[in-house]
Asker: 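One structure follows; several queries about it will come next.
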Amino acid sequence: MNEVLQAIRQRRSIRDFLPRPVPQELLEEIAAAGTWAPSGMNTQSFKFVVITNPQLLSKLSQAVDPESCFFYGAPALILAANRKDYEGAVPDCAAALQTMFLAAHSLGISSCWVSQLNGRCDEKPIRELLTQCSLPKNYAVFGAAALGYAKAEAAVPARRENTVLWVK
Ligand SMILES: Cc1cc2nc3c(=O)[nH]c(=O)nc-3n(C[C@H](O)[C@H](O)[C@H](O)COP(=O)(O)O)c2cc1C
């Protein structure tokens, strides 16, 4: 099996991170990988907000849910955002996120897809924080990547059978 196929199988959602920061150059590689994802009609209207500032991460966590951290205390979070009025916003962000997860895995960085910001970007406290991140008002978040070093390996969820239907 080649390295890409191995990465596809080995990537796991990690929900427990060490406090160790992710080096800037790795975050740059991961975000750059996102920009190479496919987009409908090559729109490339997605924007990726890379957040590592602990105070901002804490405020975002509080604004979304004061009870628990939706990104599991990861030291880095990449928001995948897109124009609210673009019909390809969700699939384009999803393609970019999966591309970034695989890039992260290839660099030894663990990740988890987190969706708690979806549909909540125009709540005042959340929008204020997104504006601080320079996200334009006509953009919303359609998914995010929690990134960091895993505390422990995650269990491998079994793959369902009968997912692939063949027609020959
Ligand atoms: C659209 C989408 C949204 C997800 N949202 C969350 C989330 O908010 N929080 C979370 O812990 N995992 C989230 N996940 C991760 C899934 O729970 C995870 O991919 C699944 O359990 C399979 O585990 P694996 O990624 O290790 O194969 C999301 C995955 C997808 C595709």
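Note that this is a predicted model, so its numbers are computed, not measured. Values reported hereafter were calculated over all heavy atoms of this structure, with side chains retained and with hydrogens, waters and symmetry mates removed. We count ligands from 1, going down the list as the structure has it; atoms in each ligand are counted the same way.
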Asker: When you compare the side chain of Asp16 with that of Tyr72, does any pair of heavy atoms fall below 4.5 Å?
Answerer: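 No, every pair of side-chain atoms sits at 4.5 Å or beyond.
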
Asker: Does a donor on one side chain and an acceptor on the other come within less than 3.5 Å for Asn118 and Ser115?
Answerer: no

Asker: Linking I/L/V/M/F/W/Y whenever their side-chain heavy atoms sit closer than 4.5 Å, directly or via other members, would Phe48 and Ile30 fall into one cluster?
Answerer: yes

Asker: Please confirm whether Lys47 makes a cation-pi placement over Tyr139, using NZ or CZ under 6.0 Å from the six-membered ring centre and within 45° of the ring normal.
Answerer: yes

Asker: Are side-chain heavy atoms of Val156 and Arg9 found at a separation under 4.5 Å?
Answerer: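 When only atoms from C-beta onward are counted, Arg9 and Val156 do not touch, as no gap falls below 4.5 Å.
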
Asker: Identify, chain by chain and in numerical order, each protein residue with a heavy atom under 4.0 Å from an atom of ligand 1.
Answerer: Arg11, Arg12, Ser13, Arg15, Tyr72, Cys112, Trp113, Val114, Ser115, Gln116, Pro157, Arg159

Asker: Going from SG on Cys93 to CE on Met100, what distance comes out if it is rounded to the nearest 0.5 angstrom?
Answerer: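 One finds 8.0 Å between SG of Cys93 and CE of Met100.
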
